[in-house]
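Bear in mind that the values here come from a model prediction, so they are computed numbers and not experimental data. We count ligands from 1, going down the list as the structure has it; atoms in each ligand are counted the same way.
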Amino acid sequence: MYLKSKDLLGLKDITAEEIQYILDTAKTMKMILESKNKKTPHLAGKSIVTLFYENSTRTRLSFELASKYMGASSANISVAASSVAKGESLIDTGKTIDAMGTDVIIIRHPMSGAPHLLAKHVNASVINAGDGMNEHPTQALLDMFTIMEKKGRIKGLKVAIIGDIYHSRVARSNIWGLTKLGADVSVSGPSTLLPPEIDKAGVRVYNTIQEGLLDADVIIGLRIQKERQQKGLFPTLREYSRFFGLDDKRLLLAKEDAIILHPGPVNRGIELSSSVIDGERSYINEQVTNGVAVRMALLYLLTRRSSNESIN
Ligand code: CP
């Protein structure tokens, strides 16, 4: 099986079978990561460039490590120190990277749709590492991988996504991906942080955290994105935390074996209490580990489209 597109721009655009195929391939990559020698030759001769117009720790580092473990040549463009600072357009920057024979460009951009625009103008595969408020598909894939690993399935699970849904590209990608794989997804947040018509995406919508948490198998907390808030969407962070923060008491509403995920970085004490973050039901660190495996899988699957290699 091959991924249909040369790019991974969002989970809205790919099929349940393709998502499952990426998750299955990531399982093999995780075994490689857990072995003594993490090095594999799957990307030997390939070149990977990360182009981040927004800050990142997890996504950028995990792509860079994934590239290195698989033998690719990888480079990062520091946007502030590049010709972007002289006014070069995204398309011209992309064509310049493409002209150097790059196989994959991984882009994070504050504007929704920027990776889609880039993908139309370059021969390289483009991976969306987060575009504005639109999608963050590799985060959702690693979330789904972690759920599969801990719960053994996704179909039929009650997944509660809690917090700032409006600004969250992680929430959008998870809604696309989880519903395609048959999860029962709900979103909970203050009405000002819920996108209009979100119910049309096939999710239940709640205005209290308590309703979302009830009997949940999986809880995905979201970061309050201070950098994207317009004034007045909620009174204060303290007020937000009082009504939507997840603490040990509220956690009692979920199933006894419910797991807690968060894309990071976490605002400690605001969306999750420290005891929840560091508790035994939190898999936030495992998500980071799984991020490397999922990104290894994606880099492998996108670069092998032109050959007949298979690792399975
Ligand atoms: N989850 C996530 O995208 O984290 P970074 O911003 O650190 O990449």
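Checking only distances, P265 never comes within under 3.5 Å of ligand 1, N or O to N or O.
Screening residues 51-75 for ring pair (Phe, Tyr, Trp, His ring centres under 6.0 Å) gives Y53-H109 as the qualifying pairs, with residues at least two apart or on separate chains.
Ligand 1 is never approached by E54 to a heavy-atom distance shorter than 4.0 Å. Using a 4.0 Å heavy-atom cutoff, G130 is absent from the residues neighbouring ligand 1.
Only the side chain of R108 comes within contact range of ligand 1, with a heavy atom under 4.0 Å; no backbone atom does.
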Evaluate side chain to side chain donor-acceptor pair (under 3.5 Å) for H42 paired with R304, printing each intermediate quantity in order.
CA-CA 9 Å; H42 290 109; R304 78 182 263 272; over 6 Å; no
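Using a 4.0 Å cut-off to heavy atoms of G264, the atoms of ligand 1 that qualify are 1 (N), 2 (C), 4 (O). Counting atoms of ligand 1 from 1 in the listed order, those under 4.0 Å from a heavy atom of T57 are 5 (P), 7 (O), 8 (O).
Nearest protein neighbour of atom 2 (C) of ligand 1, counting heavy atoms only, is T59 OG1, 3.6 Å.
E211 and T208 share a donor-acceptor pair across their side chains, judged by distance under 3.5 Å alone. S125 and D7 are not linked by any side-chain donor-acceptor pair at a separation below 3.5 angstrom, with hydrogens and angles left out of the test.
Side-chain contact between D248 and L252: absent, with no pair of heavy atoms (C-beta onward) separated by less than 4.5 Å.
Every side chain to side chain contact (heavy atoms under 4.5 Å, CB included) that E88 has, sequence neighbours left out, goes to S83, D92, T93, T96.
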